[in-house]
Amino acid sequence: MPRFKLTICAALAVLGGAASAQYKCVGADGKVSFQQMPCPSGASGQKLEVKPAMGAGPAVAPQPAASVTGVAAEMEWVHRMERERKLKEQRQRISDLEATIDDRNRRMQNEMAEIQSRKAQAKNNLAGATWEQSLSTEMQAVAAKYQALNDADQARLTQLRAELAQMQQAPQ
């Protein structure tokens, strides 16, 4: 463990002090050490020329044109992603509304089938004819209710599709 710590410290010293001198010292007992100060007397050593690793050198101020170009490219990417998100959301709204209309049409068909099955049970007499007329009126009311709801959603669907087409044609 102490050797690991020494290695880490030596690595940090090399990276942190890239501009300062580094020395490799060999002690009388043969142990090698790296340090920023010259080797003590009685130890042989040499001065090392340490070059910073790629990217580890001193920070260089970015050129204004490069940073402006980078920001412009990033902003363009952000706008493109935002446009794609809006298109996706619009497509999802259209899909949800189409599913709502389909679901409503299924419910209408089920209600109409239920009323139709009751209508088939009507007797062939005056009471049966009156009841059949009542069921026909109920079927017309059900159809009118669902038609009004679907007409409103169809108008909204047409509007959403027009907005989507406009969004797709808009310049990026």
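- No donor-acceptor distance shorter than 3.5 angstrom exists from the side chain of Gln46 to the backbone of Lys24, with no hydrogens or angles considered.
- The pair Arg106-Asp102 does not count as a salt bridge, with every side-chain nitrogen at least 4.0 angstrom from each carboxylate oxygen.
- Glu76 has a carboxylate O that lies under 4.0 Å from a charged side-chain N of Arg80, or vice versa, which qualifies the two as a salt bridge.
- With salt bridges taken as basic N to acidic carboxylate O contacts below 4.0 Å, one links Arg161 and Glu98.
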Worked verdict on Leu160 versus Gln90 for side-chain contact (heavy atoms from CB on, under 4.5 Å): CA-CA 7 Å; Leu160 288 173; Gln90 190 74 354; 3.4 Å; yes
side-chain contact (heavy atoms from CB on, under 4.5 Å) assessment of Glu82 paired with Arg85: CA-CA 5 Å; Glu82 184 177 356; Arg85 178 190 54 82; 3.6 Å; yes
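- Under the 4.5 Å side-chain heavy-atom criterion for ILVMFWY residues, a single connected hydrophobic cluster contains both Met167 and Leu97.
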Stepwise side-chain contact (heavy atoms from CB on, under 4.5 Å) test for Trp131 and Lys123: CA-CA 9 Å; Trp131 189 43; Lys123 304 266 188 231; over 6 Å; no
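- Side-chain N or O atoms of Ser134 include none that pairs as donor or acceptor with a backbone N or O of Thr130 at under 3.5 Å.
- If you take CG on Asn150 and OG1 on Thr100, they are separated by 10.0 Å, rounding to the nearest 0.5 Å.
- Atoms CG and CE, from Asp103 and Met108 in turn, are 12.0 Å apart once rounded to the nearest 0.5 Å.
- Within 6.0 Å of NZ in Lys86 there are 12 or fewer heavy atoms belonging to other residues, nucleotides or ligands.
- In this structure a side-chain-to-backbone donor-acceptor pair under 3.5 Å is missing from Arg118 to Ala113.
- Residues Leu87 and Leu157 fall within the same hydrophobic cluster, defined by Ile, Leu, Val, Met, Phe, Trp and Tyr side chains chained together at heavy-atom separations under 4.5 Å.
- For the pair Gly128 and Ala122, the tightest heavy-atom approach, listed with the atom from each and the gap, is O-CB, 3.7 Å.
- Checked by atom type, the side-chain pair Gln147/Asp151 shows a donor-acceptor distance below 3.5 Å.
- Side-chain contact annotation: Gln159 with Arg156, donor-acceptor N/O pair under 3.5 Å present.
- Here CE of Met112 is found 11.0 Å from CG of Asn105. Values are rounded to the nearest 0.5 Å.
- A salt bridge between Glu114 and Lys119 is absent, with no side-chain N of the basic residue lying under 4.0 Å from a carboxylate O of the acidic one.
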Verdict with reasoning, Gln116 to Leu135, per side-chain contact (heavy atoms from CB on, under 4.5 Å): CA-CA 8 Å; Gln116 190 68 32; Leu135 291 174; over 6 Å; no
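- When the side-chain hydrogen bond (donor to acceptor under 3.5 Å, both in side chains) test is applied to Arg91, no partner is found at least two apart in sequence or on another chain.
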